[in-house]
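Data first, discussion second: the structure below is written as C-alpha coordinates.
Numbers here simply count residues along the sequence, with the first being 1.
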Amino acid sequence: MLLNKQGEATDAYQRALAIRPNNWIAHYNLGCLYARAGRMNEAMEMVGIAVAEMRQQRTPVEARSILEDIRKDEALKELRDDPRFAKIVAAR
(Lines give C-alpha, C1' and ligand atoms only; values in the text may rest on other atoms or scores of the structure.)
Protein backbone atom coordinates (compact mmCIF):
# COMPACT_ATOMS: atom_id res chain seq x y z
CA MET A 1 0.00 0.00 0.00
CA LEU A 2 2.82 2.39 0.87
CA LEU A 3 4.38 1.76 -2.55
CA ASN A 4 1.14 2.93 -4.18
CA LYS A 5 0.47 -0.47 -5.72
CA GLN A 6 -3.22 -0.59 -4.94
CA GLY A 7 -4.02 -3.80 -6.82
CA GLU A 8 -1.21 -5.75 -5.21
CA ALA A 9 -2.02 -4.37 -1.78
CA THR A 10 -5.71 -5.28 -2.17
CA ASP A 11 -4.77 -8.83 -3.16
CA ALA A 12 -2.40 -9.13 -0.20
CA TYR A 13 -5.02 -7.98 2.32
CA GLN A 14 -7.62 -10.30 0.82
CA ARG A 15 -5.18 -13.22 1.12
CA ALA A 16 -4.44 -12.24 4.73
CA LEU A 17 -8.17 -12.25 5.48
CA ALA A 18 -8.61 -15.65 3.83
CA ILE A 19 -6.01 -16.99 6.28
CA ARG A 20 -7.18 -15.05 9.33
CA PRO A 21 -10.69 -13.59 8.88
CA ASN A 22 -10.64 -11.75 12.22
CA ASN A 23 -7.51 -9.73 11.37
CA TRP A 24 -8.91 -6.29 12.09
CA ILE A 25 -5.84 -4.49 10.76
CA ALA A 26 -6.17 -6.18 7.36
CA HIS A 27 -9.88 -5.23 7.25
CA TYR A 28 -8.97 -1.67 8.21
CA ASN A 29 -6.22 -1.31 5.62
CA LEU A 30 -8.45 -2.79 2.93
CA GLY A 31 -11.07 -0.21 3.92
CA CYS A 32 -8.48 2.54 3.53
CA LEU A 33 -7.60 1.25 0.07
CA TYR A 34 -11.25 1.17 -0.94
CA ALA A 35 -11.80 4.70 0.36
CA ARG A 36 -8.85 6.00 -1.64
CA ALA A 37 -10.26 4.28 -4.74
CA GLY A 38 -13.67 5.90 -4.22
CA ARG A 39 -15.33 2.60 -3.33
CA MET A 40 -17.16 4.10 -0.36
CA ASN A 41 -19.67 1.36 0.41
CA GLU A 42 -16.94 -1.28 0.42
CA ALA A 43 -14.70 0.99 2.49
CA MET A 44 -17.46 1.52 5.03
CA GLU A 45 -18.09 -2.22 5.24
CA MET A 46 -14.41 -3.04 5.82
CA VAL A 47 -13.96 -0.30 8.42
CA GLY A 48 -17.09 -1.50 10.19
CA ILE A 49 -15.78 -5.05 10.33
CA ALA A 50 -12.36 -3.80 11.44
CA VAL A 51 -13.80 -1.79 14.31
CA ALA A 52 -16.05 -4.64 15.44
CA GLU A 53 -13.12 -7.08 15.45
CA MET A 54 -10.83 -4.55 17.13
CA ARG A 55 -13.36 -3.98 19.93
CA GLN A 56 -13.39 -7.72 20.62
CA GLN A 57 -9.60 -8.02 20.65
CA ARG A 58 -8.62 -4.92 22.63
CA THR A 59 -9.39 -3.55 26.05
CA PRO A 60 -11.91 -0.69 26.21
CA VAL A 61 -9.10 1.79 26.91
CA GLU A 62 -7.10 0.57 23.92
CA ALA A 63 -10.21 0.59 21.73
CA ARG A 64 -10.99 4.23 22.58
CA SER A 65 -7.46 5.26 21.63
CA ILE A 66 -7.58 3.32 18.36
CA LEU A 67 -10.99 4.80 17.52
CA GLU A 68 -9.58 8.29 18.01
CA ASP A 69 -6.81 7.48 15.53
CA ILE A 70 -9.33 6.06 13.05
CA ARG A 71 -11.47 9.21 13.29
CA LYS A 72 -8.42 11.30 12.34
CA ASP A 73 -6.97 9.02 9.65
CA GLU A 74 -6.56 11.02 6.44
CA ALA A 75 -7.06 7.84 4.39
CA LEU A 76 -10.68 7.86 5.55
CA LYS A 77 -11.41 11.57 5.17
CA GLU A 78 -13.96 10.87 2.43
CA LEU A 79 -16.00 8.81 4.88
CA ARG A 80 -16.16 11.34 7.70
CA ASP A 81 -19.34 13.09 6.57
CA ASP A 82 -21.24 9.82 6.23
CA PRO A 83 -23.48 9.11 9.25
CA ARG A 84 -22.53 5.43 9.00
CA PHE A 85 -18.92 6.34 9.74
CA ALA A 86 -19.89 8.32 12.84
CA LYS A 87 -21.88 5.35 14.07
CA ILE A 88 -19.02 2.90 13.44
CA VAL A 89 -16.42 4.96 15.28
CA ALA A 90 -18.64 6.12 18.13
CA ALA A 91 -17.13 5.61 21.57
CA ARG A 92 -19.03 3.30 23.88
Problem set entry | Arg64: salt bridge (charged side-chain N to carboxylate O under 4.0 Å, His left out) partners, not counting sequence neighbours | none
Exercise. Can you find a pair of side-chain heavy atoms, one from Met46 and one from Asn29, that are under 4.5 Å apart?
Worked result: no
Seminar exercise, completed: When every non-hydrogen atom of Leu76 is compared with those of Ala35, the smallest separation belongs to CD2-CB, 4.1 Å
Exercise. Between Tyr34 and Val47, is there a shared hydrophobic cluster once you connect ILVMFWY residues whose side-chain heavy atoms come closer than 4.5 Å?
Worked result: no
For this session: Given salt bridge (charged side-chain N to carboxylate O under 4.0 Å, His left out), test Glu74 with Arg80 step by step and report yes or no.
Result: CA-CA 10 Å; Glu74 283 299 307; Arg80 288 187 192 136; 3.5 Å; yes
Problem set entry | For Arg58, all residues meeting salt bridge (charged side-chain N to carboxylate O under 4.0 Å, His left out), sequence neighbours excluded | none
For this session: For atom CG of Asp81, decide whether the heavy atoms of other residues, nucleotides or ligands shown that lie under 6.0 angstrom number more than 12.
Result: no
Exercise. Should Leu33 and Ile25 be counted in the same cluster of Ile, Leu, Val, Met, Phe, Trp and Tyr side chains packed under 4.5 Å apart?
Worked result: no
For this session: Determine, using the 4.5 Å side-chain heavy-atom cutoff (strictly less than), whether Leu17 and Met54 are members of one ILVMFWY cluster.
Result: no
Exercise. Within the side chain of Arg71, is there an N or O that forms a donor-acceptor pair under 3.5 Å with the backbone of Ala86?
Worked result: no
Exercise. Taking the side chain as C-beta and beyond, is there a heavy-atom pair between Arg84 and Val89 under 4.5 Å?
Worked result: no
For this session: Answer yes if Leu30 and Ile70 sit in the same cluster of Ile, Leu, Val, Met, Phe, Trp and Tyr residues linked by side chain heavy atoms under 4.5 Å apart, and no otherwise.
Result: no
Seminar exercise, completed: Distance col, row Glu78:CD vs Arg36:CZ, nearest 0.5 angstrom, shows 11.5 Å
Seminar exercise, completed: Sequence neighbours excluded, the answer for salt bridge (charged side-chain N to carboxylate O under 4.0 Å, His left out) partners of Asp11 is none
Problem set entry | Rounded distance [0.5 Å steps], CG in Asp82 versus CE in Met44 | 3.5 Å
For this session: Decide whether Trp24 and Phe85 are clustered together by the hydrophobic rule: side chain heavy atoms of Ile, Leu, Val, Met, Phe, Trp, Tyr closer than 4.5 Å, transitively.
Result: yes
Exercise. Has the side chain of His27 got a donor or acceptor atom that lies under 3.5 Å from a matching backbone atom of Val51?
Worked result: no
For this session: Determine, step by step, whether Arg55 and Leu67 satisfy the side-chain contact (heavy atoms from CB on, under 4.5 Å) criterion, reporting the C-alpha distance in whole Å, the side-chain angles of both residues, the deciding distance to 0.1 Å, and the verdict.
Result: CA-CA 9 Å; Arg55 287 182 194 268; Leu67 287 170; 3.5 Å; yes
Exercise. Would you say the side-chain atoms of Asp73 and Tyr28 include a donor-acceptor pair closer than 3.5 Å?
Worked result: yes
For this session: Spell out, as yes or no, whether a donor-acceptor pair under 3.5 Å connects the side chain of Glu62 to the backbone of Thr59.
Result: yes
For this session: Quick one: closest heavy-atom pair of Ala26 and Asn23, and the distance?
Result: N-OD1, 3.0 Å
